[in-house]
2 protein chains.
Amino acid sequence: MAEGSLQHELNSIPPTDPAVDKLVEEIIGRVADKWTMLLIEILTEKKCCRFSELARECEGISQKMLTQTLRALERDGLVTRTVYPVVPPKVEYRLTELGLGLSKAFCGVWLWAEANFDTIEKARADYACKQEG
Amino acid sequence: MAEGSLQHELNSIPPTDPAVDKLVEEIIGRVADKWTMLLIEILTEKKCCRFSELARECEGISQKMLTQTLRALERDGLVTRTVYPVVPPKVEYRLTELGLGLSKAFCGVWLWAEANFDTIEKARADYACKQEG
DNA sequence: CGGTATCCTCCTCGATACTG
DNA sequence: CAGTATCGAGGAGGATACCG
């Protein structure tokens, strides 16, 4: 954990016009979601998944949210949905190049969370202590 | 946009035990939120902000959500809240080292969104077209 | 200025049932 | 297997009013 150069790349983003900002924020809002992040992680690991496999891997998700989240991902061009005309039906989901790019971006957040969850736990405990006093 | 080596670091995360997974997911769920990301971005740029300044910068946020989000950030040890005992009251918010780490992690997502928002817009248009047919 | 407290409204999300 | 449809509870979040 280097203590110097805390100015990181965020500051180097050129000031974009407000219209683009709105779009970017909307995308962040859509994409920065628990199920979205989880599904992208699963699809990154497995490369290719059937609906039922995603339902199994993505523990706790309801069928409704799974369908809904996958549709949003498909709509945004982050995953492809391939239907095989067989009985019983078979549908495969796979990340696109765009989706893989997002996966990489998310990776940093996952790594941060894994590296710091204990620090956060401690911070919460401290905060709870102070509240009691 | 290199097309090779799509195996990125996400795959190198060692299989953590389920208990840690739950914690990490909970943190992601708390932190992957529009206002949280926006506030962290603002605090990264400005270094130090008063409540009212954050309210101004964080366009569209209600006072309730601002307070609520700031409290969550403070609780998780991501920002510090400094109260100056003066009239009128003055309260300053500042990122901690932990918060700066998250800011760096988020940076990748912002950059991805800025780099790809047009691609996503196009994907949405294509998707809408297909639905009509 | 920097909040809290209260009320009220969506709208997300889960549960359940049904279909190609 | 992979969905869609419908209903209903609960929480997120805005508006307003008040406080130290």
Side-chain angles (χ1 to χ4, degrees), chain A residues 22 25-39 42-43 46 48-76 79-95 127-128 130-132, chain B residues 22 25-40 42-43 46 48-76 79-95 127 130-132:
Chain A
K22 285 290 170 194
E25 281 176 28
E26 191 271 343
I27 289 167
I28 296 284
R30 174 176 296 272
V31 128
D33 157 77
K34 182 187 171 186
W35 296 133
T36 301
M37 293 191 68
L38 259 171
L39 284 174
I42 293 167
L43 284 169
K46 300 249 176 181
C48 184
C49 258
R50 297 183 64 168
F51 185 86
S52 50
E53 194 176 359
L54 288 172
R56 239 178 296 115
E57 294 290 325
C58 202
E59 207 163 342
I61 198 171
S62 67
Q63 198 180 41
K64 180 180 176 179
M65 285 311 297
L66 180 54
T67 302
Q68 197 170 304
T69 308
L70 285 171
R71 284 292 181 283
L73 289 172
E74 190 194 356
R75 185 178 110 95
D76 290 349
V79 307
T80 57
R81 177 173 177 270
T82 312
V83 183
Y84 296 91
V86 295
V87 283
K90 181 178 171 182
V91 179
E92 279 185 350
Y93 294 89
R94 191 185 290 265
L95 285 178
Y127 188 84
K130 282 185 204 154
Q131 294 323 79
E132 284 167 14
Chain B
K22 287 288 171 195
E25 281 177 26
E26 193 271 343
I27 290 167
I28 296 284
R30 174 176 297 269
V31 127
D33 157 76
K34 181 189 172 184
W35 298 132
T36 301
M37 294 191 69
L38 259 173
L39 284 175
I40 287 181
I42 294 167
L43 285 170
K46 300 250 178 182
C48 184
C49 258
R50 296 182 64 167
F51 185 87
S52 50
E53 194 176 359
L54 288 172
R56 240 178 296 116
E57 294 290 324
C58 203
E59 207 163 344
I61 197 170
S62 66
Q63 199 180 42
K64 179 181 175 178
M65 285 312 296
L66 180 54
T67 302
Q68 196 171 303
T69 307
L70 285 171
R71 284 291 180 285
L73 289 172
E74 190 193 358
R75 186 178 109 94
D76 290 349
V79 307
T80 58
R81 176 174 179 270
T82 311
V83 182
Y84 296 90
V86 295
V87 283
K90 180 177 169 182
V91 181
E92 279 184 350
Y93 294 90
R94 193 184 288 266
L95 285 179
Y127 189 84
K130 280 186 206 154
Q131 293 324 78
E132 286 169 13

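Here is the naming used below: chain letters follow the sequence lines, and residue numbers restart at 1 for every chain.
With sequence neighbours excluded, the residues satisfying side chain to side chain contact (heavy atoms under 4.5 Å, CB included) with B:Gln68 are B:Lys64, B:Met65. Taking the side chain to side chain contact (heavy atoms under 4.5 Å, CB included) definition, one finds that B:Val86 meets it with B:Tyr84, B:Lys90, sequence neighbours left out. Checked against side chain to side chain contact (heavy atoms under 4.5 Å, CB included), B:Arg81 has the following partners two or more places apart in sequence or in another chain: B:Arg71, B:Glu74, B:Val83, B:Val91, B:Tyr93. A:Glu57 meets the side-chain hydrogen bond (donor to acceptor under 3.5 Å, both in side chains) test with A:Lys46; sequence neighbours excluded.
When the side-chain nitrogen and oxygen atoms of A:Arg81 are compared with OP1 and OP2 of D:dA2, none of them lie within a distance under 4.0 Å. Distances shown here put a side-chain N or O of A:Tyr93 below 4.0 Å from the OP1 or OP2 atom of D:dG3.
Looking at heavy atoms from C-beta onward, B:Glu92 lies out of side-chain contact with B:Phe51 at the 4.5 angstrom threshold. Between B:Leu43 and B:Leu54, the closest side-chain pair of non-hydrogen atoms falls below 4.5 Å.
Checked against C:dG3, C:dC13, D:dT4, the side chain of A:Thr67 finds its nearest nucleotide in D:dT4.
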Please enumerate all protein N or O atoms sitting under 3.5 Å from an N or O of nucleotides 15-20 of chain C, with distances to 0.1 Å.
none

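Nucleic acid contact for B:Tyr84: none, since no nucleic acid atom lies under 4.0 Å from a heavy atom of the residue.
Between its two ends, the helix from C:dC1-D:dG20 to C:dG20-D:dC1 turns its axis by 50°, counting five pairs per end and rounding to 10 degrees.
Of the residues in residues 49-59 of chain B, those lying under 4.0 Å from DNA chain C by heavy-atom distance are B:Arg50, B:Phe51, B:Ser52.
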Name every donor-acceptor pair, under 3.5 Å, that has one atom in a side chain of residues 25-34 of chain B and the other anywhere in the protein, sequence neighbours excluded.
residue: B:Glu26; atom: OE1; partner: A:Arg124; partner atom: NH1; Å: 3.0
residue: B:Glu26; atom: OE1; partner: A:Arg124; partner atom: NH2; Å: 3.4
residue: B:Asp33; atom: OD2; partner: B:Trp35; partner atom: N; Å: 3.2
residue: B:Asp33; atom: OD2; partner: B:Thr36; partner atom: N; Å: 2.9
residue: B:Asp33; atom: OD2; partner: B:Thr36; partner atom: OG1; Å: 2.9

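Nearer to the 5' terminus of DNA chain D, by closest-nucleotide assignment, is the contact made by A:Pro88 (compared with the other of A:Arg71 and A:Pro88).
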